[in-house]
Number of protein chains: 2
Amino acid sequence: MTEAAQTADVALDPRGISTRARILDSAEYLFSEHGVNGASLRTIVAHAGVNTAAINYHFGSKKGLLEAVFARRILPIAEERLKQLTACRDGDGRPPLLHQIISAFLEPGMRGRHGGATFARLRARMAADASDDTRALMAHYFDGSSTQFLEALAAALPDLPARDLHWRFHYLLGTMVYTMANPGRIQALTNNSCNPSDMDASLAYLVPYLAQCFQADPIPEAPLRFEPGHKTE
Amino acid sequence: MTEAAQTADVALDPRGISTRARILDSAEYLFSEHGVNGASLRTIVAHAGVNTAAINYHFGSKKGLLEAVFARRILPIAEERLKQLTACRDGDGRPPLLHQIISAFLEPGMRGRHGGATFARLRARMAADASDDTRALMAHYFDGSSTQFLEALAAALPDLPARDLHWRFHYLLGTMVYTMANPGRIQALTNNSCNPSDMDASLAYLVPYLAQCFQADPIPEAPLRFEPGHKTE
DNA sequence: AGCTTAATCAAACGCTTGTTTTAGTCAACT
DNA sequence: AGTTGACTAAAACAAGCGTTTGATTAAGCT
């Protein structure tokens with residue numbers, strides 16, 4: 001009552017928890033918008049409406065804050081990925097369908113439940129920003145997940161050589177990351193004929209498209225020579 | 001002669017040009033390795049072996065330096081892209097082959113002639129880092145180039161709806177950027193069965209693969225429903 | 001020769017960064 | 001009611017940032 005902040009706008013929450021959560025939300029947003037280096041702690045505390053020391057009190061350091069922001073979303077995402085993968089494995093026939101594997105890998109991170117487009121953009125930034133710390137952080141949280149999906153894909157595509165499978169999974173990651181990182185990129189290019197900031201629409205195209213790409217013929221080891229009479233299809 | 005730097009280790013170059021070029025080389029390397037924010041001007045001048053003020057003298061500001069680094073590579077790349085595109089247009093039949101268009105778009109930037117893997121990594125970082133300045137810089141240098149390739153692709157794929165073409169070109173960009181950004185990423189995942197840090201090997205797979213992806217059937221507007229009996233091929 | 005211009009240097013500028021300190025407030029428990 | 005401990009507030013910290021300064025040197029020109 002001595003100051004001015006005891007009116008009613010903080011009545012919603014018992015103070016402590018709210019502060020922590022507000023920092024996480026603001027940091028997630030500003031990290032994703034301006035990059036981890038580009039968003040200063042002062043910008044974050046100003047956006048969250050908390051004190052400068054709160055970040056170091058709750059998270060120890062900026063690095064600790066980033067890890068908390070990242071872990072809060074990525075753990076449920078990884079969990080749901082596996083849940084969806086095993087769910088469609090037990091479903092009808094034995095092997096999960098290609099669509100289902102790809103959807104199980106992409107959907108949890110791109111739809112709105114776990115941070116949505118904001119956290120997706122942060123993930124994409126971190127994938128490219130890639131300081132040593134960031135690289136270690138992502139490697140730590142992503143390690144097991146990818147191999148399980150690679151195995152599921154291999155089971156669904158028994159005729160595809162491992163070399164092709166690995167390249168195409170690598171390209172899947174690139175396509176996913178780029179789509180998450182660049183909302184509104186092709187809109188300018190194509191007069192709004194497609195809208196990648198709408199993750200639902202992105203997924204609706206991306207999943208069946210990637211399924212087709214995985215099903216395409218293997219690429220021969222020797223590079224193709226372009227002969228004059230060769231047709232495009 | 002009054003100081004110590006007049007011995008012989010700078011005898012290779014008439015001073016001025018060498019300083020500028022060394023700054024450009026060091027900046028390109030350090031920007032690509034640690035990001036634009038992550039590489040300080042002091043790190044760059046130390047790596048280049050020049051004075052702190054040299055950067056602002058030659059390039060005005062850090063932003064000016066980045067633009068100079070970028071322009072030095074991207075202009076010849078854009079030029080060679082168009083040269084390759086028109087070359088295969090005039091070649092045999094009328095429309096360039098799909099492989100040729102994709103190769104003309106990817107090859108100049110990924111092979112070694114224009115900065116090679118180092119500059120490729122920088123481009124990939126800038127594509128994701130995307131502060132307002134970086135975004136404006138890339139937009140300025142990439143504007144016209146992409147539309148010409150989109151038109152060539154449309155001519156080579158007359159049956160593909162524009163919507164599919166735009167999405168797939170967007171995915172091409174993502175695949176390219178991710179491959180340039182993450183050398184050595186899948187190696188750890190797949191026990192060295194593929195090596196994306198070798199841009200030649202990457203291109204040898206990427207070009208025919210992307211050609212197949214562009215030729216795949218259009219994706220229907222309405223999202224596919226996964227019916228129980230649906231097979232994966 | 002003398003004057004002018006371009007390039008380089010050491011040093012410092014003001015500012016922002018992440019982090020820490022010191023003091024204080026509030027809620028809860030015995 | 002009083003004490004404790006979780007938490008916040010405001011200010012300051014050292015370090016690093018991009019940038020600027022003013023002096024010094026080398027080269028070009030008439």
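Quick caveat: nothing in here was measured; it's all calculated off a predicted structure. Naming convention: chains lettered A, B, ... in sequence-line order (proteins, then strands); numbering from 1 in each chain.
- Between the CD1 atom of A:Ile23 and the C1' atom of D:dA9 there is a distance of 13 Å, rounded to whole Å.
- Distance CZ (B:Arg22) to P (C:dA7): 15 Å, rounded to an integer number of Å.
- The aromatic rings of B:Phe119 and B:Phe70 are tilted relative to each other, their planes meeting at an angle between 30° and 60°.
- Under the 30°/60° scheme for interplanar angles, the aromatic rings of B:Tyr178 and A:His170 are found to be tilted.
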In the 5'-to-3' direction, what one-character label does each nucleotide of nucleotides 11-17 of chain C receive under the scheme B = base within less than 4.0 Å of a protein heavy atom, S = sugar-phosphate only, - = no such atom?
-B----B
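- When side chains are defined from C-beta on, B:Met126 counts as touching B:Leu66, because their heavy atoms get closer than 4.5 Å.
- Listed pair B:Thr19 / C:dA7 fails the phosphate criterion, with no side-chain N or O lying under 4.0 Å from OP1 or OP2.
- Atom NE2 in A:His58 sits about 17 Å away from atom C1' in C:dG18, given to the nearest Å.
- One atom, CG of B:Asn56, and another, P of C:dT8, lie 13 Å apart when rounded to the nearest Å.
- The side chain to side chain contact (heavy atoms under 4.5 Å, CB included) with A:Tyr171 is formed by just one residue from the set B:Leu210, B:Leu172, B:Thr179; it is B:Thr179.
- Classified by interplanar angle (parallel below 30°, tilted 30° to 60°, perpendicular above 60°), the ring pair B:His47/B:Tyr29 is parallel.
- If you measure from atom CG of B:Leu65 to atom P of D:dG18, you get 10 Å, rounded to the nearest angstrom.
- Atom pair B:Tyr57:OH and D:dT24:P shows a separation of 18 Å (rounding to whole Å applied).
- Distance B:Ile44 CD1 to D:dC17 P: 10 Å, rounded to the nearest Å.
- The interatomic distance linking A:Arg20 (CZ) with D:dA6 (C1') rounds to 14 Å, in whole Å.
- Nearest-nucleotide positions on DNA chain C place B:Gly49 closer to the 5' end than the other of A:Val36 and B:Gly49.
- Remark: B:Asp25 engages B:Arg72 in a salt bridge, criterion side-chain N to carboxylate O under 4.0 Å.
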